Colleague: 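A single structure is presented below for examination.
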Amino acid sequence: MEKRARRADSERTAQAILEAAERVLSDNPAATMEQIAEAAGVSRTTVHRRFASREALVDAMTLWATQQFQNALASVRPDVTPPLVALYQVTANVLRVKLRWGFAMNAHPAEEGVLTPDVVAQCDVFFRRLEESGALRPGVDLVWARRVYCALIHEAAQDQDSDDPDALATRVVDTVLGGFGKPGLTVS
């Protein structure tokens, strides 16, 4: 029982460090490990004990953000949810993660970051479902549509005028449907 409690405490500490690192590095990408430790409410040695280097910490942040990104996709169950509903829900969920974990999600090039081959494959299946449902025009290049969609999500997360994932999701989905969808099909 005590071992389990120590493990839970250790996991909470690691999570606090990751969250503090996201906040601190988002504000100041040159921040020190000491500044991150202070923001997490732990000692610098605690941070270094868990993460041997700044690079290891950023890698752990990216891994955590990648998992959150994958959970955001999976939670919608886009394989069974009606495609237009899933498009909106996936977009809003992913934007929530990107808004909260923006530094970590942009710390590595896309091919090394959250757009893992598994995520790309899930997106491709999702866009095929959109096409099969009639939401997209016949003959749309689905790979191009997916790439544009991902770029739109990235740009929406950079929008300094809004931090509302639902409003941003509506804008992204309307743009995707306006460019690739059947004429007159929107979510707003």
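One-based numbering along the sequence shown. Quick caveat, the model's predicted, so the values are computed rather than measured.
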Colleague: Is there a path of hydrophobic side-chain contacts, each under 4.5 Å between heavy atoms of I, L, V, M, F, W or Y residues, that connects Phe126 with Trp144?
Modeller: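 Same cluster.
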Colleague: Could you tell me whether a side-chain N or O of Arg129 sits under 3.5 Å from a main-chain N or O of Val125, the two making a donor and an acceptor?
Modeller: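 No: the side chain of Arg129 does not pair with the backbone of Val125.
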Colleague: Using every non-hydrogen atom in the two residues, find where Ala135 and Leu177 come nearest and quote the distance to one decimal.
Modeller: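 For Ala135 and Leu177, the tightest heavy-atom pair comes out as O-CD2, 4.2 Å.
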Colleague: Kindly say whether the aromatic ring centers of Tyr149 and Phe127 come within a distance under 6.0 Å.
Modeller: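 They qualify: ring centres under 6.0 Å apart.
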Colleague: Test Leu73 against Val94 for side-chain contact (heavy atoms from CB on, under 4.5 Å), laying out the working first.
Modeller: CA-CA 7 Å; Leu73 287 171; Val94 167; 4.2 Å; yes
Colleague: What closest approach, in Å, do Ala145 and Val140 show between heavy atoms, and which atom pair accounts for it?
Modeller: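 Shortest heavy-atom contact: CB-CG1, 4.1 Å.
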Colleague: Any side-chain heavy atom of Leu25 sitting closer than 4.5 Å to one from Met61?
Modeller: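 Leu25 reaches Met61 side chain to side chain.
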Colleague: Ignoring hydrogens, what is the shortest heavy-atom contact between Ala157 and Leu99? Give both atom names and the distance.
Modeller: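 Closest pair (atom of Ala157, atom of Leu99, distance): O-CD2, 3.7 Å.
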Colleague: For Ala56 versus Phe51, what's the shortest heavy-atom pair and its separation?
Modeller: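 Smallest interatomic distance, heavy atoms only, reads O-CD2, 4.1 Å.
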Colleague: Side-chain contact test, heavy atoms from C-beta onward, threshold under 4.5 Å: evaluate it for Asp166 versus Arg96 and give yes or no.
Modeller: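 With C-beta onward as the side chain, the pair touches.
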Colleague: So for atom CD, which belongs to Gln35, do other residues, nucleotides or ligands contribute more than 12 heavy atoms lying within a distance under 6.0 Å?
Modeller: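 Counting neighbours around CD of Gln35, more than 12 heavy atoms of other residues, nucleotides or ligands fall under 6.0 Å, so yes.
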Colleague: Would you compute the distance between atom CH2 of Trp101 and atom CD of Gln67 and round it to the nearest 0.5 angstrom?
Modeller: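 Answer rounded to 0.5 Å: 12.5 Å.
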Colleague: Does the pair Asn71 and Gln68 meet the rule for a side-chain contact (heavy atoms from CB on, under 4.5 Å), with working shown?
Modeller: CA-CA 5 Å; Asn71 292 347; Gln68 299 310 302; 4.2 Å; yes
Colleague: Between Leu95 and Pro165, which heavy-atom pair has the shortest distance, and what is it?
Modeller: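 Distance-wise, the nearest heavy atoms are CD1-O, 3.9 Å.
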Colleague: Nearest 0.5 Å, what's the CD1-CD distance between Ile153 and Gln158?
Modeller: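 Atom-to-atom, Ile153:CD1 and Gln158:CD are 12.5 Å apart.
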Colleague: Mark yes or no for whether Arg54, through its side chain, and Ala31, through its backbone, hold a donor-acceptor pair below 3.5 Å.
Modeller: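 Checking the backbone N and O of Ala31 against the side chain of Arg54, a donor-acceptor pair under 3.5 Å is found.
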Colleague: Applying salt bridge (charged side-chain N to carboxylate O under 4.0 Å, His left out), run through Asp124 and Arg147 and close with a yes or a no.
Modeller: CA-CA 10 Å; Asp124 287 343; Arg147 291 176 63 198; over 6 Å; no
Colleague: Classify the side-chain pair Asp118/Gln122 by whether it contains a donor and acceptor separated by less than 3.5 Å.
Modeller: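 Gln122 and Asp118 do not have a side-chain donor-acceptor pair below 3.5 Å.
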Colleague: Which pair of heavy atoms, one from Thr62 and one from Ala104, lies closest together, and at what distance?
Modeller: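 Answer, listing the atom of Thr62 first, then Ala104: OG1-O, 3.1 Å.
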Colleague: Decide, yes or no, whether a salt bridge links Arg100 with Asp163 under the criterion of side-chain N to carboxylate O below 4.0 Å.
Modeller: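 The answer is no: the pair does not qualify as a salt bridge.
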Colleague: Taking Thr81 for the side chain and Ala86 for the main chain, is one N or O donor matched with an acceptor at less than 3.5 Å?
Modeller: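 Not confirmed, Thr81 side chain does not pair with Ala86 backbone.
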Colleague: Would you give the length of the straight line joining atom CZ of Arg171 to atom OG1 of Thr91, rounded to the nearest 0.5 angstrom?
Modeller: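 Those atoms lie 13.5 Å apart.
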Colleague: Can you tell me how far the CG atom of Leu18 sits from the CD1 atom of Ile36, to the nearest 0.5 Å?
Modeller: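 Answer rounded to 0.5 Å: 10.0 Å.
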Colleague: Can you find a pair of side-chain heavy atoms, one from Val47 and one from Val42, that are under 4.5 Å apart?
Modeller: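 Val47 reaches Val42 side chain to side chain.
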Colleague: Return yes if a side-chain donor-acceptor contact under 3.5 Å exists between Glu11 and Gln15, otherwise no.
Modeller: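 No - no donor-acceptor pair under 3.5 Å links their side chains.
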Colleague: Output yes when a side-chain donor or acceptor of Glu22 lies under 3.5 Å from a complementary backbone atom of Phe103, and no otherwise.
Modeller: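 Confirmed, Glu22 side chain pairs with Phe103 backbone.
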Colleague: Quick one: does Leu130's side chain get under 4.5 Å of Leu142's, heavy atoms only?
Modeller: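 When only atoms from C-beta onward are counted, Leu142 and Leu130 do not touch, as no gap falls below 4.5 Å.
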Colleague: Is Asn93 close to Val97 at the side-chain level, that is, under 4.5 Å between some pair of heavy atoms?
Modeller: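 No - every pair of side-chain heavy atoms lies 4.5 Å or more apart.
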Colleague: Taking atom CG of Leu136 and atom CG of Asp141, what is their separation to the nearest 0.5 Å?
Modeller: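 With rounding to 0.5 Å, CG (Leu136) is 11.5 Å from CG (Asp141).
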Colleague: Within a 6.0 Å radius of atom CD on Glu34, are there more than 12 heavy atoms belonging to other residues, nucleotides or ligands?
Modeller: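 Atom CD in Glu34 is not crowded, with 12 or fewer foreign heavy atoms closer than 6.0 Å.
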